[in-house]
Structure formats: structure tokens, C-alpha cells
Amino acid sequence: MPTPNPAAFEFLTTRRSRPAKTLQSPGPTKETLRPLLEAAARTPDHGKLEPWRFIVIEQPAMARLSQLAGDRGTALGLDPEQIAKGRSQFDQGILAVAVIESPKASEKIPDLEQTYSSGAVCLALLNAALAAGWGANWLSGWPSHDRGFMKEGLGLDDHERIAGFIHIATETSAPPDRPRPDIDNITSWVSA
């Protein structure tokens, strides 16, 4: 018979990301962020390749990334609304962790499994931040898919990409819950 952890299960069944625009100072310090990163690094990682890494973006760097998103958006010919949306997470950001997918060459572990592990790190970091009492949100947006932004803004290598930006700071309001999937409509049972 399994030994339940009711508090952990309650957290997982009621967790809710906090909109990034509602997060305010202060954000976590290096000392309070480290355990969250350690928790995220416990993510399933087939082959123990560690196909991800972290870049912590502190508030002073947000202005530079916002400007870069504006410049890249203009260079890409995006419309002003798209550019503004790409800039907004950096304009409003207090602290974010860029989770970088950094796949490792492996004959046994396909790249796709490494991608899945990178996404799992994003969720693990988000949940660790929420469980620690912070407000947190996982964002991406067009800058996270733009090679120029990746290279110039974060110094990524050609084989790396951004899995997500996990914004972490003090929550100011808890949003109402949103509709959740109907489990019966998305679940199949195979018994033979």
C-alpha cells in the first residue's frame, strides 16, 4: 500500500501560476533561489545527461533584454503589438530563470527525450517556486524562439534554445481558477 503525502497532493491538485504582470519586488535572492534550482534539477533525466542549464536574469538585465526584443522585433518586421508583447515580460520582470535546453550527443537518448526533460525542468521550477510561497509564471513568446535574441541576449550556442522563462517574485493577487480539462474526454483505458 502506498504512503500518501496529502499536503503535496493538495498542492499539485490546486496549484495555479500567477500572471507575470501581477508579480512585484522583491524577488528571490541568490540564497533563496538556489534551493528552487536544486529542486528543478531533480527532474527526470534519462541517461543523466543534464540536457538543460539555467540563466538567472536579474532585474537590471531586464531593461537590456526588453530593448533587444524591441530591436529584434523591428528587424524581423513584426507589427508593433507583437513587439510590445515580446518586450512586456522583460519590461515588467523582477527576476526570471531562463531554462536553456542544451542537448548532449547520445546514441541512447534521443533529442526529443532531452526536450521533454527540459520542459519538465520548467514545470519543476515553477512548482518549486509556488510551493516556496513565491508567485511564478512560465512564459515563452516569440523572443524565446528567435535565434538572434537567443545568441545576443543570452549567449546561447547554436545547439541550444530557450525552453522557457520562469518569472519568480512576490505575488500580489491570486487569480481565480480557470476551467480545467475534462479527464473523461482526454483519457482512454487499455485493459487488453
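Residue numbers count from 1 along this sequence. Computed from a prediction, not measured in an experiment: that's the story for all the values here.
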Linked, directly or transitively: Val121 and Leu37 (ILVMFWY side chains, under 4.5 Å):
yes
Any salt bridge linking Asp158 with Arg147? Criterion: basic side-chain nitrogen under 4.0 Å from a carboxylate oxygen.
no
The side chain to side chain contact (heavy atoms under 4.5 Å, CB included) partners of Thr13 (sequence neighbours excluded) come to Phe9, Glu10
So does Gly47 get a backbone contact from the side chain of Lys108, meaning a donor-acceptor N/O pair under 3.5 Å?
no
For residues 160-169, which side-chain N or O atoms pair as donor and acceptor with protein atoms under 3.5 Å away, sequence neighbours left out?
unit_1	atom_1	unit_2	atom_2	d
Glu160	OE1	Arg53	NH2	3.0
Glu160	OE1	Asp157	N	2.9
Glu160	OE2	Arg53	NE	2.7
Glu160	OE2	Ser102	OG	2.8
Arg161	NE	Glu101	OE1	2.8
Arg161	NH2	Glu101	OE1	3.3
Arg161	NH2	Thr115	OG1	3.3
His167	NE2	Gln89	OE1	2.7

Quick one, Val97 and Ile55 - any side-chain contact, counting heavy atoms below 4.5 Å?
no
Would you say Glu152 has more than 12 foreign heavy atoms packed within less than 6.0 Å of its CD?
no
Tell me, yes or no, whether the heavy-atom count around Arg42 atom CZ, taken from other residues, nucleotides or ligands under 6.0 Å, exceeds 12.
no
Salt bridge (Lys or Arg N to Asp or Glu O under 4.0 Å) pairs touching residues 56-85, sequence neighbours excluded, are Arg72-Asp146
Are there more than 12 heavy atoms of other residues, nucleotides or ligands under 6.0 Å from atom CZ of Arg34?
no
With a 6.0 Å cut-off (strictly less than), is the heavy-atom count around CZ of Phe54, excluding the residue itself, greater than 12?
yes
Please step through side-chain contact (heavy atoms from CB on, under 4.5 Å) for the pair Thr43 and Leu125, ending with a clear verdict.
CA-CA 9 Å; Thr43 290; Leu125 179 56; over 6 Å; no
Closest heavy-atom pair, Ile83 versus Thr74, reported as atoms and distance to 0.1 Å, is CD1-N, 3.7 Å
NZ/Lys104: more than 12 non-hydrogen atoms of other groups inside 6.0 Å:
yes
Closest non-hydrogen atom pair, Gly135 against Arg18:
CA-CG, 3.7 Å
Evaluate side-chain contact (heavy atoms from CB on, under 4.5 Å) for Phe149 paired with Ser144, printing each intermediate quantity in order.
CA-CA 7 Å; Phe149 183 89; Ser144 68; over 6 Å; no
Take Ser17 and Asn137 through the side-chain hydrogen bond (donor to acceptor under 3.5 Å, both in side chains) test and state the conclusion after the steps.
CA-CA 5 Å; Ser17 297; Asn137 198 298; 5.1 Å; no
Before you tell me yes or no, could you show the steps for Leu95 and Ile57 under side-chain contact (heavy atoms from CB on, under 4.5 Å), namely the whole-Å CA-CA distance, both residues' side-chain angles and the distance that decides it to 0.1 Å?
CA-CA 6 Å; Leu95 180 134; Ile57 304 166; over 6 Å; no
Please confirm whether the backbone N or O of Gln82 pairs with a side-chain atom of Trp142, one donor and one acceptor, at under 3.5 Å?
yes
Asp182/Ile186 under side-chain contact (heavy atoms from CB on, under 4.5 Å): CA gap, chis, key distance, verdict:
CA-CA 7 Å; Asp182 179 343; Ile186 61 171; over 6 Å; no
In terms of heavy-atom contacts, Ala136 and Leu130 come closest through N-CD2, 3.7 Å
Side-chain H-bond candidate by donor/acceptor type, Trp134 with Thr170, under 3.5 Å
no
